[in-house]
Each structure stands twice: as C-alpha cells, then as structure tokens.
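Structure first, then comments.
Residue numbering restarts at 1 for every chain, and letters A, B, ... go by the order of the sequence lines.
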Amino acid sequence: MTRLLLSTTIPYVNGRPHLGFALELVQADVLARHHRLRGDEVRLQTGTDDNSLKNVQAADAAGVAVGDLVDRNAAEFARLAGPLSLRFDDFLRTSADPRHRAGVERFWRACAHDLYRKHYEGLYCVGCEHFYQPGERCPEHEAPLQRVSEENWFFRLSRHQERLYDLIAGGRIRIEPAERRNEVLAFVAGGLTDFSVSRSRARARGWGIPVPGDPDQVIYVWWDALGYYLTALEYGTGGHDRWWGRADRRVHLLGKSVLRFHAVYWPAMLLSAREALPTDILVHDHLTVNGRKISKSGGPAVDPLGLVAEYGVDAVRWWLLRDVPRVGDADFTVERLIARHDDELANGLGNLVSRVAGLVHRYRDGVVPAVRASEPDSDRVSEPDSDRASELEEVRRRAPGAVAEALDAFDFRRATGAVYEVVEAANRYVSRTRPWQLAREDSARLDPVLGTLVETCREVAGLLTPFLPDAAARIAARCAGPGERLPAPAPVFPRLGGAA
RNA sequence: GGGGCGGUAGCUCAGCCGGUUAGAGCAGGGGACUCAUAAUCCCUGGGUCGCGGGUUCGAGUCCCGCCCGCCCUACCA
C-alpha cells in the first residue's frame, strides 16, 4: 500500500476565494479520491496563509483589525469544501493553529546553520513583498516604493544549488508538466543567491511569527507559509515522520506563479533541515475569466460558490477538470461551462442513464436482467452487434488503467476523457444493438444487452467518483443489480442551457 | 534586459526521440433512428501548423532571428 501526502498551497486571505484556487482544490481532491479508491493511504491537507503582509494591508484598507479580517476570510476559504464536494483531512490556518508556530520555530532552528544576518537596503514594495532597483517602480501596485534599510536574516540558498539541480534533473523531485521542470532547471543552473528570510518587526507591522531569539525580526512569510507542509504534520512536536519521512510520495500542487518557491526554496530548506524532499510537484497554470486575468486584489473575481449555486457542483468541477489544459492558461466563461455540461454530462452521460432506465422499464418492467442470457445459445454469438459489444467491452476494460495513467501524469483532461469514452461507447452500443427492435423480434437477446448497459452505467459511476462524487452517487443509485428494480427514469443532469 | 512556456481547422485543444495525403472534440452541413433530457448514431473538415531564414533526402516536430500573449526574474556588493 502506498502512503501519499497531498497538499495544496495555502492562499493568503486578503480577499475572498476565486475560481483559480478552486481549480487547485478540485485537482487535489480528485487525486486524493482516486488514490483512496486504489487503496492507497492518503492524506490531503490545505489551509490559509494568514501571516502575509498583504493581509495587513487589506485590513488597513477595510479599517478592521488584521485578526478579524483574516478570521473572516479564512472562513470563506474553509467554506468552499462543502459546496465543491471537497474532502480535506486537514485545514491549517497559519495564524490560528497552534501547531504552526511551534513548527515554524522548530524548522527555523533546524536550519540555523544556514542562516546568517546581513545588512542591506533597497526599495521595497509592500504589495509584492519584494525589492526593486533604484529608478524602478512596481509594475503591479500603485503604492510608491519604500526605502528600507535594515539588517535581516538570510538563508544560504547558494550552498544547495548543485544538489538541487541533480535532484530535479535526476527525477528525485518530479516536476510536472515537464515544461515547468525545464524552467526550474534553467533557473537553478543560472545560479542561486541567498535570500532574505526575515523582516524587521516594524516593517511587518508586528504581524507574523517572530524569529526565535530575535524578537525584532519576523519570519518572512514565504518561509512561514512553506513550513505549513510540515507543521500540519505535527512537525513542532516531532510527529511528522509518519506522513512526511515515511510517506511513499509527498505531492505538492501549486500554480505556476509560485513554482520557484516550491521547487527551489522549499527543497533547499528541507535539505538544510535534513528532512525528506517532496517527490512530486504538480503545477497548474492560471485561469482567466472572459479573457481577463483574475486576482484577489482586483479584476473580475469569479466566486466559486456563486457558480456552484447557479450551475451545480458537477458542472463546475467538470469544467475545471475537462476544459483546463495541462499547460497554458484556460479562459473561463459561463458559456463554456454550460456547453461542456450540456454536451457531455446532460446529453451524453445523463441521457445514457435515462435511456437505459427507460428501456428497462418499458421492456422489462423495471427489473434489471442478468448480463448473461438465461439459456446459453451458442449460435447467436456472431451477430452484427458483436463487434459493437466487443468495442464496448474493450473500452470498459481499458478505462480504469487509462484514468490511472492520466492522473499519474497530472492530466485531468485525459483522465476525464477516458471516463467519457465509456459513455460514448455505450451510446454507440445502444444504437447498434437496437434494443427496441430486439424487444419485438428477438426478446431473448434483449436481456444481456440491457444487463450490459446497466452494468456499464454502474461502472461509469465508479469511474466518475473521484471527479464528480455527487453525480457518481446519483447515478449509482439508479443502477440496481440484476433482478433488482430500477427507479423510474429522471434526468441526472438537467440541461443548463436554453431548453433547446 | 535575462530565463521559461504558449501561438496548429470558426472555437477549445492533441500532436514521444523529425518521416506516408497534419488529428480530436465542439460549432456548421447531410443522413439514420425513435429507447432517451428535441437526445443518440452515421457521414462530412482541405487549416501558409505566428513570421522570416537555416540544417536535413525529408520539419508543427531540430537551430537562429523577429512578432504577439503569459509566468518568473532583474547583479540584495
């Protein structure tokens, strides 16, 4: 049995969650469910980055206390779970969870041999929490740059350069897709310089975790946030070994914009602390909405909960999994959401379930026949429909492996495609076997056909479970076993678009 | 300024180490069927594979330059 730790990044909570973060959560949830179904031991953790200075700014802007703003917004993120049908094993808030601070402090000490103090000054953008060169201005934020002159703690990233390169190049740390791996390798090969890992307490506005033994300094938010991967595992009390050191795979999901922190800084920190490294870094690109960038600080923010309320969780999850390419930003529009849902879920899968139920009710009084004919008849095998039967069989046989393979490659499109192929094959099987005709002309042959179809629907429900747990359960509930009675047909996925 | 990733049929995208007439889905067009959510099934696509060079017997598929979009970064002495 494989032990698998899955994690999402933790967003800073200066605003409400948007669809882009929902993407990451859904992907993580799918992987977790998939592996659980495989029998793996899985832990999925997520949470919020409360200690970002951006939260302080947002609180200032809103005229409320930081703690209050963070509490309120973090709750919004936690609230995504129910409506999006996500199942987390843990949700850690970096400001509120006692495990976190203890863990971060311990981790800091574990890296002490790579930490040193250095004075420097520069122009700092609070919005980016980032330094710029003289004469530059921040491309993203209006606020003027602040001249900062102070002494901070630095982490000896440079020391780990070669080791990191080898680990990534050699695949010990797998970065998917490969395009992102190349990016990281190029960056590492270009040379790594030490980076600052603390801020003056004043500049951090007193928000964050103080540097152990140096109360005038606050730990840099990225150091703090990355630490969550360990602190949620009880690193602070040394209890992390079960899910970290002894896990077979440690998998991080993240967006491309924070790749460097996860593929370079974080592994280096772990090397320094002598902890195991992540095995998989799975990187998704960004979402745009109606062709425009989304962000928490501005622009069109699509509220995932609003979408779920309007179109249902299955439609939203299906779009995120089915329409978002592995590489390249994807543009979300309501039209695309509806198109995907109506075409594949309503007309494809939903209609299949309905028509199968309809057939069973009309010709067999709702009782599911056995797959095999009751009396074995050897000479009816090589009929025109046998090729269709074998096509369906073939597709069904291959589907589970295809799904697993696609998910291992972090390709949700291909994975959902493999599920949907079964639906298509089943619909072809219906047209080819023509059950309505069999009912009139060769009733004995109708039973195995209907039995096969019901069985296929149940199988699709199983395959669909990690992706659309709600829909899968609904479909499974309509697929009785042989000899059992089928519920009356009713649409599983009512169409969202115009009534057509 | 540097690095990376994209730019393939109207739309969304696939196209391992270069090799017969460049693919899929959707949309569009034609046909069939009637079990089903007016659904499904079958047939139908001639697109300078961003632009310009180059390597090669042969290049979306490799090299160089340029254009557009996106991500990261900009000697923290």
(message) Quick check for you: to the nearest 0.5 Å, what is the distance between R260(A) atom CZ and L192(A) atom CG?
(response) 9.0 Å
(request) With the side chain counted from C-beta on, respond yes when R478(A) and V492(A) share a heavy-atom pair under 4.5 Å apart, and no when they do not. (result) yes
(message) Say we look at C75(B) and C70(B): how far apart would their C1' atoms be, to the nearest angstrom?
(response) 25 Å
(request) Give the rounded distance in Å between these two atoms: CG of D365(A) and P of C35(B). (result) 17 Å
(request) Calculate the interatomic distance between R428(A) atom CZ and U34(B) atom P; express it in whole Å. (result) 20 Å
(request) Under 4.0 Å between any heavy atoms, over every strand shown, what does T193(A) touch: base, sugar-phosphate, or nothing? Just pick one. (result) sugar-phosphate
(message) In the structure I gave you, are the side-chain heavy atoms of V302(A) and H18(A) within less than 4.5 Å of one another anywhere?
(response) no
(request) Scan V360(A) against the nucleic acid and name what it touches under 4.0 Å (heavy atoms): base, sugar-phosphate only, or nothing. (result) nothing
Quick one: which protein N/O atoms are closer than 3.5 Å to N/O atoms of nucleotides 9-12 of chain B? Pair and distance per line, please.
residue : atom : partner : partner atom : Å
U12(B)  : O2'  : R413(A) : NH2          : 3.2

(request) Would you classify Y363(A) as touching base, sugar-phosphate or nothing, given that sugar-phosphate means primed atoms plus P, OP1 and OP2, and contacts are heavy atoms under 4.0 Å? (result) sugar-phosphate
(message) Can you measure L321(A) atom CG to C13(B) atom P for me and round it to whole angstrom units?
(response) 16 Å
(request) For A59(B) and G3(B), measure between their P atoms and round to the nearest Å. (result) 28 Å
(message) Does D114(A) form a side chain to side chain donor-acceptor pair (under 3.5 Å) with H160(A)? I'd like the steps, not just the answer.
(response) CA-CA 10 Å; D114(A) 274 332; H160(A) 303 282; 2.9 Å; yes
(message) Would you measure the distance from the P atom in G60(B) across to the matching atom in G69(B) and give it in whole Å?
(response) 26 Å
(message) Please report the distance separating the C1' of C57(B) from the corresponding atom of G1(B), rounded so that it comes out in whole Å.
(response) 42 Å
(message) Would you measure the distance from the C1' atom in A14(B) across to the matching atom in C72(B) and give it in whole Å?
(response) 27 Å
(request) Please figure out whether N427(A) or F154(A) has its closest RNA chain B nucleotide nearer the 5' end. (result) N427(A)
(message) Please classify the nucleic acid contact of G358(A) as base, sugar-phosphate, or nothing, using heavy-atom distances under 4.0 Å.
(response) sugar-phosphate
(message) Measure CZ/R474(A) against C1'/U37(B) and give the value in whole Å, please.
(response) 13 Å
Please produce a list of atom pairs where a protein N or O lies less than 3.5 Å from an N or O of nucleotides 2-4 of chain B.
residue : atom : partner : partner atom : Å
G4(B)   : O2'  : E183(A) : OE1          : 3.0

(request) Using atom CZ of R181(A) as one end and atom C1' of C71(B) as the other, report the distance to the nearest whole Å. (result) 19 Å
(message) Please determine whether a side-chain nitrogen of the Lys or Arg among E459(A) and R396(A) lies less than 4.0 Å from a carboxylate oxygen of the Asp or Glu.
(response) yes
(message) The test is side chain to side chain donor-acceptor pair (under 3.5 Å); show your working for D329(A) and T288(A) and say whether it passes.
(response) CA-CA 7 Å; D329(A) 293 348; T288(A) 57; over 6 Å; no
(message) Does S257(A) reach a base, just sugar-phosphate, or nothing at all? Heavy atoms under 4.0 Å.
(response) sugar-phosphate
(request) Could you state the atom-to-atom distance from CZ of F332(A) to C1' of C70(B) in whole Å? (result) 20 Å
(message) Measuring only the C1' atom in each nucleotide, how far is G25(B) from C17(B)? A whole number of Å is fine.
(response) 28 Å
(message) Could you check, using the six-membered ring where one of them is a Trp, whether Y229(A) and H252(A) have ring centers closer than 6.0 angstrom?
(response) yes
(message) I need the single residue from R199(A), Q217(A), H119(A), R203(A) that forms a side chain to side chain donor-acceptor pair (under 3.5 Å) with E150(A). Which is it?
(response) R203(A)
(request) Inspect the contact between K256(A) and E183(A) and indicate whether a charged nitrogen and a carboxylate oxygen are less than 4.0 angstrom apart. (result) no
(request) Let me know the distance between CG of D285(A) and C1' of G6(B), rounded to the nearest Å. (result) 9 Å
(message) Looking at D194(A) and F154(A), would you say the former's side chain and the latter's main chain have a donor-acceptor pair under 3.5 Å?
(response) no
(message) Using the ring centroid of each side chain, check whether F332(A) and W319(A) are separated by less than 6.0 Å.
(response) yes
(request) For N55(A) and D49(A), indicate whether the former's side chain and the latter's backbone hold a donor-acceptor pair under 3.5 Å. (result) yes
(message) Stem finding on RNA chain B, please: runs of three or more consecutive Watson-Crick or G-U wobble pairs, both distances under 3.5 Å, sorted by first number.
(response) B:1-7 with B:67-73, B:10-13 with B:23-26, B:28-32 with B:40-44, B:50-54 with B:62-66
(message) Suppose we call two aromatic rings close when their centres sit under 6.0 Å apart. Are W222(A) and W266(A) close by that rule?
(response) no
(message) Distance check, P atoms only: G58(B) and A24(B), in whole angstrom units.
(response) 29 Å
(message) Both A346(A) and Y265(A) contact RNA chain B. Which one's nearest nucleotide lies toward the 5' end?
(response) A346(A)
(message) Measuring from the side chain of D343(A) (C-beta onward, heavy atoms only), which nucleotide among U34(B), G6(B), C26(B) has the closest atom?
(response) C26(B)
(request) Rounded off to whole Å, could you give me the CZ-to-P distance for the F195(A) and C76(B) pair? (result) 14 Å
(message) Can you check the distance between U8(B) and G50(B), where both ends of the measurement are the P atom (answer in whole Å)?
(response) 6 Å
(request) Compute the centroid of each ring, for F107(A) and then for W223(A), and state whether the two points are separated by less than 6.0 Å. (result) yes
(message) Quick check on G60(B): syn or anti? Syn means the glycosidic torsion is within 90 degrees of zero.
(response) syn
